[in-house]
Every structure is written in C-alpha cells, then in structure tokens.
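Counting starts at 1 for both ligands and their atoms, following the listed order.
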Amino acid sequence: MYKGLIDRYRKFLPVADDAEIITLNEGNTPLIPVPELAKAAGIDAKIYVKYEGLNPTGSFKDRGMTMAVTKAKEEGMKVVMCASTGNTSASAAAYAARAGMKSVVLIPDGNIALGKLAQSMIYGAKVVAVDGNFDDCLKYVRDLCQRHPIALVNSINPYRLEGQKTAAFEIVDDLEDAPDYLIIPVGNAGNISAYFMGFAQYFEAGISTKIPKLWGMQAAGAAPIVENRVFEKPETVATAIRIGNPASWEKAVAARDKSNGRIEKVTDQEILEAYKLIARTAGVFCEPASAATVAGLIKYGRDIEPGSTVVLVLTGNGLKDPDNAIKSAPEIFHVKNDIRAIEEVVL
Ligand code: F0G
C-alpha cells in the first residue's frame, strides 16, 4: 500500500528512523499527457501536467507539510503557524489536526479563494484575517514564531522544500528521465527552488541524465522577480501568487540560472484564458495560479525546441476557487419545471 512520500523517498529525506510520520498519504499524483495543449500552443512537444491538485488538501503544499509537521512534532512543538494566500493554511491546518497539534493561520483578509478558507476553518485552524497582504502576514508570522514556541511552517522552513522536491522525483520516475522543460507558477518562490533541488539530486545520483530548464511564471501584477523589484501592492486574479516580496527570491533566481531557465510574467487575462482552455480541451480543472503555466506555454512556447518533453505543474485544484470558475463561465440556463421549456434549451 502507498504510504505517502516520506515512506517512498525516505532515503532522500532528513527524517529520523524512529520518527512518528505525520501523513495523509500525499504525493503520488498523476502525470497526465495533454496533447491538446501542444496543439493549442502550436508546438511539436510531448506535454504533460503534474496534477498536484489531487493531493489530500488539493495542492502541492501537502508535500512540504508532511515533512514540516513531522519535524515540528518530533521537536515537541504544540502549535504550527503560517502566513498564506490560502493553500499553505489549508494544508497546515489539516496536518496539524492529524498530528493532534493546534494551527494558527494569517491570511490577507478578502483575498483568498473561498474553498481554501473553508478548509482552514473546518480543519480547526485559528484563522486570523489580516487587513494587509501576504507579505505583511509573513512578516508577522516570522516575528511571532521567533518570540514564542510556535513552529513556523511557511517554506522558509527548510523541511518544506525537502518534502516538495519529491514531486521532481516522481516526474523522473514516471518518465524514466527528467523532462526538457518544467513550467511552474512562482509566488513565494519556494516550489521552483524545491523542484530544482529534486532534479539536481536525482541527476547527481545518476538517476536522470539532465536537469530540465525551469520556466517560472509570475502574474504581471505580482512579478517581483521578473522586474527585479519589490511589488508593494501586488494584484492579480491568481490570489495564490499575489506576492510582492518572495521569501525564496534568491533561491529561485539560482534555480533559474543553474537550469538555464527563465522567469516570465503572464497577464490576468492570459491566465483566465488558459484556465478555461485547459478545462475545456483537456478536462483538467486547476486554480488560476496553476493556469499561469498554461498561459506561459501559450505565450513563450515558440522558444521550446521541437521534440521536447515539457511538464507543467498544476499546483492546485480548481475546486479551491469556485468564484473564479463561475465568473469565467457565466452561462447557465434557468428554466421552468416543464419538459417543453427544458427541451427548448437542450436542443
Ligand atoms: N500555486 C499555488 C496554487 C499556490 O498556492 C502557490 C503558493 C504557488 C503556486 C506558488 O508557489 O509560493 O512556492 O512559489 N501559495 C502559498 C500559500 C503562498 O500561502 O498557499 P511558491
């Protein structure tokens, strides 16, 4: 039976032999071929999506959280805390519940998707909605965790990246080598850094023959790395990556440069078009931040060498953000309780 990513990749992870593993059997997510996207982008490439929305709380954050909470528990902590645009908080709340610990989450008031808020609440987190943005929340969390015995579980916690790097392992295990390109959304910039670690480790261990070019995608209204400046007021429909001063900025730049990759921006309009495109052509529902990768493929795909293998990381499940889904596809037919009325709209 599959027992989660710590069990599967233990020899690559800093976990003590006798540690109590806090897991929800995360990881092992599908790599789905999407030839429809090659067609839409007009390129000759084998394209796959790594559908991280199928993790237990619906995002890739669970990979990092199984590690971070396992470690926090081992260290005897009773409370975990994070700042979040929604997914980290949902995951932290779930794993804390699993571990019998408390969780406190700081979120930007009014700027997280509805499903994510619902998750944090039902898992029992103390939800603190701050009249500020993610970057403000992270500042407060760093301060509080320094002054109190609370485990910080944002991705500045190194165990988070250790867990998240296993997605790169899974991709190589599935493809039997690394892809040529990996396209990934960038917010606080932890995940692109984690993927680089994972691909580099497998390459050094001789399991893969190359490290993919990492292409990070930021939203145009929250593109600090692309423009090399802090965004004081980040703004984007992709609230998951509405971040103006990413904590892992330098690591992401190193991942970009060492992989011969790039970090680019896509507009909200491009994100929303891509969000609909992948749902309607491939049957895959992801959240807007994840669709930034699809938008990046459409926008920059002409630079992909013909015959390449490309993986897009779809970081979060579309169900997290029902409001944007409904706004993006507004047509719905309201009819009388009557066969004729129904027949009229059906045909
Ligand atoms: N995609 C989704 C769905 C996310 O939730 C995030 C980050 C990212 C991409 C970007 O990943 O931060 O490692 O560069 N969400 C964080 C959160 C910030 O609080 O849930 P990153």
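Here CG of D303 is found 11.0 Å from NZ of K213. Values are rounded to the nearest 0.5 Å. For the atom pair CG of L5 and CG of N55, the computed distance is 8.0 Å after rounding to the nearest 0.5 Å.
Ligand 1 has no N or O atom lying under 3.5 Å from any N or O atom of F134, backbone or side chain. Between N188 and ligand 1, at least one pair of N/O atoms sits closer than 3.5 Å. Looking at T85 next to ligand 1, an N or O pair under 3.5 Å apart turns up.
Looking at atom 11 (O) of ligand 1, its nearest protein heavy atom turns out to be F60 CZ, 3.5 Å. In this structure, atom 13 (O) of ligand 1 lies nearest to the protein heavy atom N191 N, 2.8 Å. The nearest heavy-atom contact from the protein to atom 4 (C) of ligand 1 is A240 CB, 3.6 Å. At the shortest separation from atom 15 (N) of ligand 1 among protein heavy atoms lies K61 NZ, 2.9 Å. Of the protein's non-hydrogen atoms, the one nearest atom 1 (N) of ligand 1 is T315 OG1, 2.7 Å. In this structure, the protein non-hydrogen atom closest to atom 8 (C) of ligand 1 is I241 CG2, 3.6 Å. Among all non-hydrogen protein atoms, the one lying nearest atom 20 (O) of ligand 1 is T88 N, 2.8 Å.
Of the candidates A189, G316, A247, G86, A189 brings a heavy atom nearest to atom 21 (P) of ligand 1.
Of all heavy-atom pairs between T23 and K3, the closest is OG1-O, 3.9 Å.
The aromatic rings of F169 and F12 lie tilted to each other, with the angle between the two planes from 30° to 60°.
The distance from ligand 1 to the heavy atoms of N87 drops below 4.0 Å at these ligand atoms: 2 (C), 3 (C), 4 (C), 5 (O), 20 (O). The ligand atoms of ligand 1 that sit less than 4.0 angstrom from a heavy atom of S84 are 17 (C), 19 (O), 20 (O). Atoms of ligand 1 found under 4.0 Å from any heavy atom of G190, numbered from 1 in the order shown, are 13 (O), 14 (O), 21 (P). Near V186, meaning under 4.0 Å from any of its heavy atoms, are these atoms of ligand 1: 14 (O). In the vicinity of E287, heavy-atom distances shorter than 4.0 Å reach the ligand 1 atoms 3 (C).
For the 3.5 Å distance criterion, the side chains of N317 and E52 fail to qualify, holding no donor opposite an acceptor. In summary, the side chains of T315 and S290 do present a donor paired with an acceptor at a separation below 3.5 Å, with no hydrogens or angles considered. Between the side chains of S103 and K126, no donor-acceptor pair of N or O atoms lies under 3.5 Å.
Heavy atoms of P185 come nearer than 4.0 angstrom to ligand 1 in at least one pair. By the 4.0 Å heavy-atom criterion, I243 is counted among the residues contacting ligand 1.
Cation-pi geometry between R229 and F231 is met: under 6.0 angstrom from the ring centre, within 45 degrees of the axis.
Hydrophobic clustering of Ile, Leu, Val, Met, Phe, Trp and Tyr side chains at less than 4.5 Å, counting indirect connections, keeps Y48 apart from L37.
Remark: of the listed residues E170, Q164, E26, E162, E170 is the sole one forming a side-chain hydrogen bond (donor to acceptor under 3.5 Å, both in side chains) with R63. Screening V186, L161, I184 for a side chain to side chain contact (heavy atoms under 4.5 Å, CB included) with N191, the sole residue that qualifies is I184.
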